[in-house]
*Asks:* 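Dumping the structure here so I can ask a few things about it.
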Amino acid sequence: AQTVTQSQPEMSVQEAETVTLSCTYDTSENNYYLFWYKQPPSRQMILVIRQEAYKQQNATENRFSVNFQKAAKSFSLKISDSQLGDTAMYFCAFISRNSGNTPLVFGKGTRLSVIA
Amino acid sequence: GAGVSQSPRYKVAKRGQDVALRCDPISGHVSLFWYQQALGQGPEFLTYFQNEAQLDKSGLPSDRFFAERPEGSVSTLKIQRTQQEDSAVYLCASSQTGAEAFFGQGTRLTVV
């Protein structure tokens, strides 16, 4: 079974600064995707960024980038130029691609506060 | 529709009552997932549909939980004889390819 671990329950960052959220995972599979989701108080999960395991290049979406270390099973999220609207819960998630549609496996989340 | 829609957004139930939670997925999405998110935790998988077929219900915590998707679009999660431990946010997600899931805003269930 796959597991996802987020070891930072809470983080804070000053506006315009950079912050990195950590995530490690455990799997014996070779074909999978990793995601970071943002959940604001409205509760809707919003996809921030996705990484395919077979791609060596780290994914980037505007101010958001990942550091994907496949051998170490590490998948951290870097948020540059933090904005007040980035305040939310952030969840790291794993999905297997080996057998059709499978459910996401989530970590427990990191609560990020961006301080003005 | 434009996104995944869930109703109601909030539900308060007395212990022992039955509740029904509705999910309207994105039109044409084959896959539909239900997750349960306890306070301060990440979502946990409950059940999965491909069209009208329930392919995986391994996450349902007890036989009081039942889900259906009779016509392959709208899905209903039913909880019978609710207990306090059922209090949580229930999230629905739909997907076409499995590479990206789109979530609704969830239903917050409070059992008193």
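Residue numbers start from 1 in every chain, and the chains themselves are labelled A, B, ... in the order their sequence lines are given, proteins ahead of strands. Atoms considered below: every heavy atom in the structure, side chains included; atoms not considered: hydrogens, waters and symmetry mates.
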*Asks:* Who among A:Pro9, A:Ser42, A:Pro103 has the most heavy-atom pairs with chain B under 4.5 Å?
*Replies:* A:Pro103
*Asks:* Which heavy atom of A:Met45 sits nearest a heavy atom of B:Pro43, and at what distance?
*Replies:* CE-CG, 3.2 Å
*Asks:* Around A:Arg63, counting heavy atoms of other residues, nucleotides and ligands shown, do more than 12 lie under 6.0 Å from its CZ?
*Replies:* yes
*Asks:* Kindly say whether B:Leu91 contributes a backbone atom to a donor-acceptor pair with the side chain of A:Arg43 at under 3.5 angstrom?
*Replies:* no
*Asks:* Following the transitive rule for hydrophobic clusters with a side-chain heavy-atom cut-off under 4.5 Å over Ile, Leu, Val, Met, Phe, Trp and Tyr, establish whether A:Val19 and A:Ile49 coincide in one cluster.
*Replies:* yes
*Asks:* Could you tell me the separation between the CG atom of A:Leu104 and the CZ atom of B:Phe33, rounded to the nearest 0.5 Å?
*Replies:* 7.0 Å
*Asks:* Look at atom CD of B:Glu44 and say whether more than 12 heavy atoms of other residues, nucleotides or ligands are closer to it than 6.0 Å.
*Replies:* no
*Asks:* How far apart are the closest heavy atoms of B:Gln105 and A:Gln44, and which atoms are they?
*Replies:* CG-OE1, 3.3 Å
*Asks:* Quick one: list whatever passes side chain to side chain donor-acceptor pair (under 3.5 Å) with B:Gln41, sequence neighbours left out.
*Replies:* A:Lys108
*Asks:* Less than 4.5 Å to any heavy atom of chain A: does that hold for the side chain of B:Thr107, its backbone, both, or neither?
*Replies:* backbone
*Asks:* Looking at B:Glu85, I want to see if its CD is surrounded by more than 12 non-hydrogen atoms of other residues, nucleotides or ligands under 6.0 Å.
*Replies:* yes
*Asks:* Using non-hydrogen atoms and a 4.5 Å limit, figure out which bit of A:Gln6 sits close to chain B: side chain, backbone, both or neither.
*Replies:* neither
*Asks:* So which part of B:Gln6 gets closer than 4.5 Å to some heavy atom of chain A, the side chain, the backbone, both or neither?
*Replies:* neither
*Asks:* Same hydrophobic cluster for A:Leu112 and A:Ile46, using side-chain heavy-atom links shorter than 4.5 Å among ILVMFWY?
*Replies:* no
*Asks:* Is it the backbone or the side chain of B:Tyr35 that comes under 4.5 Å from a heavy atom of chain A, or both, or neither?
*Replies:* side chain
*Asks:* Just how far is it from atom CZ of B:Phe102 to atom CG of A:Leu47, taken to the nearest 0.5 Å?
*Replies:* 8.0 Å
*Asks:* Check whether more than 12 heavy atoms from other residues, nucleotides or ligands sit under 6.0 Å from atom CG of B:Leu39, and answer yes or no.
*Replies:* no
